[in-house]
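The block underneath contains the structure these notes are about, expressed in structure tokens.
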Amino acid sequence: MNILLKAAKIIDPSSEHHLKAKDIFIENGVISKIEDEIAPGTETKILSIKGLHVSNGWFDTSVSFGEPGYEERETIANGLLTAAKSGFTSVAVNPNSNPVIDSNADIGFLKNKALGNAVNLYPIGALTVNSEGVDLSEVYDMKSAGAIAFGDYQKSITNANLVKIALQYVQNFDGLILSFPSEKKIAGKGVVNEEVNATKLGLKGIPALAEELNIARDLFILEYTGGKLHIPTISTAKSVQLIKEAKEKGLDVSCSVAIHNMVLTDDVLNTFDANYKVLPPLRTQSDIEALITGVKEGIIDFVTSDHNPIDVEWKKREFEHALYGTIGLESAFGALNTIFGTEKTIELLTKGKERFGLNTSKIALGEKADISLFNPEETYIFDKENIYSQSKNSAFIGQGLKGKVIGIYNNGQLITNE
């Protein structure tokens with residue numbers, strides 16, 4: 001079916017139509033016309049929505065689904081539908097399933113489950129066998145099967161030599177290593193940020209030092225080995241400074257920040273709501289300000305929803321015993337748009353593919369239609385009715401957001417919330 005988008009404002013600095021409202025005609029999955037006015041032909045679906053904006057398809061660098069093993073949290077099918085309804089045409093999926101995604105067969109399983117979907121699924125393979133941090137996994141075989149990077153989700157590598165060997169080994173095929181920043185012995189049994197609120201609430205704290213010490217170690221190793229390192233979901237002001245200094249040295253390092261770590265402080269913990277139990281933990285307002293500055297200055301390369309569905313059984317329990325994680329795909333655009341405004345938000349949501357070795361596109365004649373559809377002006381209070389995930393563990397419930405997703409068009413398929 002052909003698609004005609006009417007009076008869609010284009011947000012794409014690489015396009016000659018940037019910031020212009022145009023009719024866009026998509027024929028057999030390819031953009032064939034961009035004009036002020038296009039008359040619809042036969043067998044054409046027309047999308048005419050007030051406030052319609054379009055951009056290149058959004059990409060999230062850190063998404064978790066339950067399947068295989070935790071289908072009660074989320075299936076791949078519903079997870080990809082959630083991504084589509086949240087405006088994402090591509091997602092990088094973490095290996096934290098059961099079994100852990102640590103072999104070429106596991107990578108093949110994920111890719112086969114996503115075949116024919118409107119959303120592109122790109123697997124991240126576990127860096128170590130079963131994500132146990134002991135033995136390096138089959139990284140080359142997983143790369144050959146379609147893995148785009150290698151890391152143990154929310155698990156740091158205690159053995160520094162293993163990080164060194166991994167960075168050296170993947171240089172043979174230009175691989176990207178992810179290293180979660182947390183020094184286990186410093187973090188200990190902490191569950192929240194080590195600050196005044198932790199003391200007030202009687203909860204064990206995770207010092208900022210645990211993150212910063214691990215980052216410093218990995219950056220020293222990277223300087224020694226070379227290679228490509230990505231540090232996911234940093235959360236402290238000092239972490240931003242460490243990565244800034246490393247980039248000034250010319251090290252090939254990138255990093256990301258979870259959107260909830262730029263919105264919520266540990267002040268929300270006074271309700272003991274386990275939806276706020278995330279890793280890294282929510283920090284202070286001064287950390288948030290440093291993270292936002294780091295994003296604006298390009299020190300922080302990507303933002304991520306760090307979408308992690310957890311079923312109610314593991315969230316409705318004492319805070320110390322609840323699992324870490326919040327869903328975030330559904331709230332990602334509205335939260336970012338509230339902080340940064342539309343053009344910067346779209347920049348943040350559309351960058352990252354090159355770092356992970358993926359093809360990029362633009363809104364131009366002859367290009368494959370890989371686009372996100374949204375209205376950046378609509379304001380609302382985020383609630384459970386805005387959640388498409390099977391699990392409802394969102395840290396954003398009750399938050400005021402600006403900007404709603406209309407849907408996506410990708411792989412010849414239109415999916416909308418209308």
Side-chain angles (χ1 to χ4, degrees), residues 1-60 77 80-91 114-121 329-330 332-334 336-337 341-343 345-347 349-351 353 358-380 386 388 402-418:
M1 179 183 291
N2 298 328
I3 305 293
L4 177 58
L5 307 178
K6 297 292 290 183
K9 187 172 183 179
I10 297 169
I11 310 295
D12 177 11
S14 67
S15 170
E16 62 179 293
H17 305 293
H18 181 50
L19 299 180
K20 298 175 183 176
K22 296 284 185 178
D23 285 5
I24 303 173
F25 188 65
I26 302 170
E27 190 173 10
N28 298 321
V30 176
I31 299 172
S32 62
K33 295 180 183 178
I34 303 177
E35 300 174 6
D36 291 334
E37 185 74 29
I38 299 174
T42 57
E43 298 185 3
T44 298
K45 180 176 178 61
I46 301 172
L47 200 65
S48 179
I49 299 173
K50 183 180 179 181
L52 176 62
H53 287 57
V54 302
S55 73
N56 292 324
W58 304 344
F59 173 52
D60 195 326
L80 293 175
L81 180 61
T82 296
K85 290 188 172 185
S86 303
F88 293 88
T89 63
S90 300
V91 291
L115 279 176
N117 204 282
V119 177
N120 304 317
L121 185 156
L329 284 169
E330 298 97 317
F333 173 65
L336 284 174
N337 192 44
T342 305
E343 288 188 65
T345 293
I346 299 308
E347 176 194 331
L349 291 173
T350 54
K351 66 190 301 191
K353 287 186 177 181
L358 306 177
N359 293 327
T360 59
S361 62
K362 62 181 179 179
I363 299 177
L365 295 179
E367 288 280 328
K368 175 182 179 289
D370 175 357
I371 57 178
S372 300
L373 314 168
F374 55 96
N375 179 348
E377 299 302 326
E378 189 171 346
T379 59
Y380 63 105
N386 304 114
Y388 310 113
K402 182 181 180 183
K404 274 201 169 182
V405 172
I406 295 169
I408 66 166
Y409 184 92
N410 188 40
N411 295 333
Q413 301 174 54
L414 175 68
I415 297 178
T416 72
N417 297 315
E418 298 300 311

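Minimum heavy-atom separation, Ser372 to Gly87: OG-O, 2.6 Å. Leu414 and Leu373 make their closest contact through CD1-CD1, 3.9 Å (heavy atoms, listed as atom of the first residue, atom of the second, distance). Scanning both residues, Ala21 and Asp36, for their nearest heavy atoms gives O-OD1, 4.5 Å. Heavy-atom minimum distance, Pro376 versus Gly51: CD-O, 4.0 Å. Here the shortest heavy-atom pairing between Ala8 and Val54 reads CB-CG1, 3.8 Å. Summarising the geometry of Ala364 relative to Ile31, their closest heavy-atom pair is O-CB, 3.6 Å, with the distance given to 0.1 Å.
Considering NZ of Lys22 and NZ of Lys33, their distance stands at 14.0 Å, rounded to 0.5 Å. Remark: Lys351 NZ to Thr360 OG1 distance equals 13.0 Å, nearest 0.5 Å. Rounding to the nearest 0.5 angstrom, the gap separating the OG1 atom in Thr342 from the CG atom in Leu336 is 11.0 Å. Here OG1 of Thr416 is found 8.5 Å from NZ of Lys85. Values are rounded to the nearest 0.5 Å. With values rounded to the nearest 0.5 angstrom, Asp23 atom CG is found 10.5 Å from Ile34 atom CD1. The structure places CD1 of Ile46 at 5.5 Å from CG of Leu4, a figure rounded to the nearest 0.5 Å.
Between the side chain of Asp12 and the main chain of Ser55, no donor-acceptor pair closer than 3.5 Å is present. Put simply, the side chain of Ser15 gets close to the backbone of His17: a donor and an acceptor are under 3.5 Å apart. Looking only at distances, no side-chain donor or acceptor of Asn375 sits under 3.5 Å from a matching main-chain atom of Leu52. Looking at Gln413, its side chain does come within 3.5 Å of a backbone N or O of Gly116 through a donor-acceptor pair. A distance-only check finds a donor-acceptor pair linking the side chain of Asn417 to the backbone of Val405 [under 3.5 Å]. Judged by distance alone, the side chain of Thr44 and the main-chain N or O of Thr42 form a donor-acceptor pair under 3.5 Å.
Here the side chains of Ile11 and His18 are in contact, with some heavy-atom distance below 4.5 Å. With a 4.5 Å cut-off on side-chain heavy atoms, Tyr380 and Asn386 count as touching. Here the side chains of Asn410 and Lys368 are in contact, with some heavy-atom distance below 4.5 Å. A 4.5 Å side-chain heavy-atom check between Ile26 and Ile371 finds at least one atom pair inside the cut-off. For the pair Ile346 and Phe333, the minimum side-chain heavy-atom distance is below 4.5 Å. Proximity of Ser86 to Trp58: side-chain heavy atoms (C-beta onward) are nowhere separated by under 4.5 Å. Residues Leu349 and Phe88 are in side-chain contact: their nearest non-hydrogen atoms beyond the backbone lie under 4.5 Å apart.
In this structure, Glu37 pairs ionically with Lys6, as a charged nitrogen and a carboxylate oxygen lie closer than 4.0 Å.
When each of Leu115, Val119, Leu121 is checked for a side chain to side chain contact (heavy atoms under 4.5 Å, CB included) with Asn117, only Val119 meets the rule. For the side chain to side chain donor-acceptor pair (under 3.5 Å) with Asp370, the qualifying choice from Thr350, Thr89, Asn56 is Thr89, the only one to do so.
In this view, Glu35 satisfies the side-chain hydrogen bond (donor to acceptor under 3.5 Å, both in side chains) rule with no residue, not counting sequence neighbours.
Counted within 6.0 Å of NZ on Lys362, heavy atoms from surrounding residues, nucleotides or ligands total 12 or fewer; the atom is thus considered open. Environment of NZ in Lys20: crowded, with over 12 heavy atoms of neighbouring residues, nucleotides or ligands closer than 6.0 Å.
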Go through the steps to decide whether Lys402 and Glu377 satisfy the test salt bridge (charged side-chain N to carboxylate O under 4.0 Å, His left out), and finish with yes or no.
CA-CA 6 Å; Lys402 182 181 180 183; Glu377 299 302 326; 3.7 Å; yes
Assess the residue pair Lys9 and Leu19 against the criterion (side-chain contact (heavy atoms from CB on, under 4.5 Å)); give the C-alpha distance rounded to whole Å, side-chain angles, the decisive distance to 0.1 Å, and a yes or no.
CA-CA 6 Å; Lys9 187 172 183 179; Leu19 299 180; 4.3 Å; yes
Under the side-chain hydrogen bond (donor to acceptor under 3.5 Å, both in side chains) rule, what do Asn411 and Asn120 come out as? Steps first, then yes or no, please.
CA-CA 8 Å; Asn411 295 333; Asn120 304 317; 3.0 Å; yes
Step-by-step side-chain contact (heavy atoms from CB on, under 4.5 Å) determination, Glu367 to Ser361:
CA-CA 7 Å; Glu367 288 280 328; Ser361 62; 3.8 Å; yes
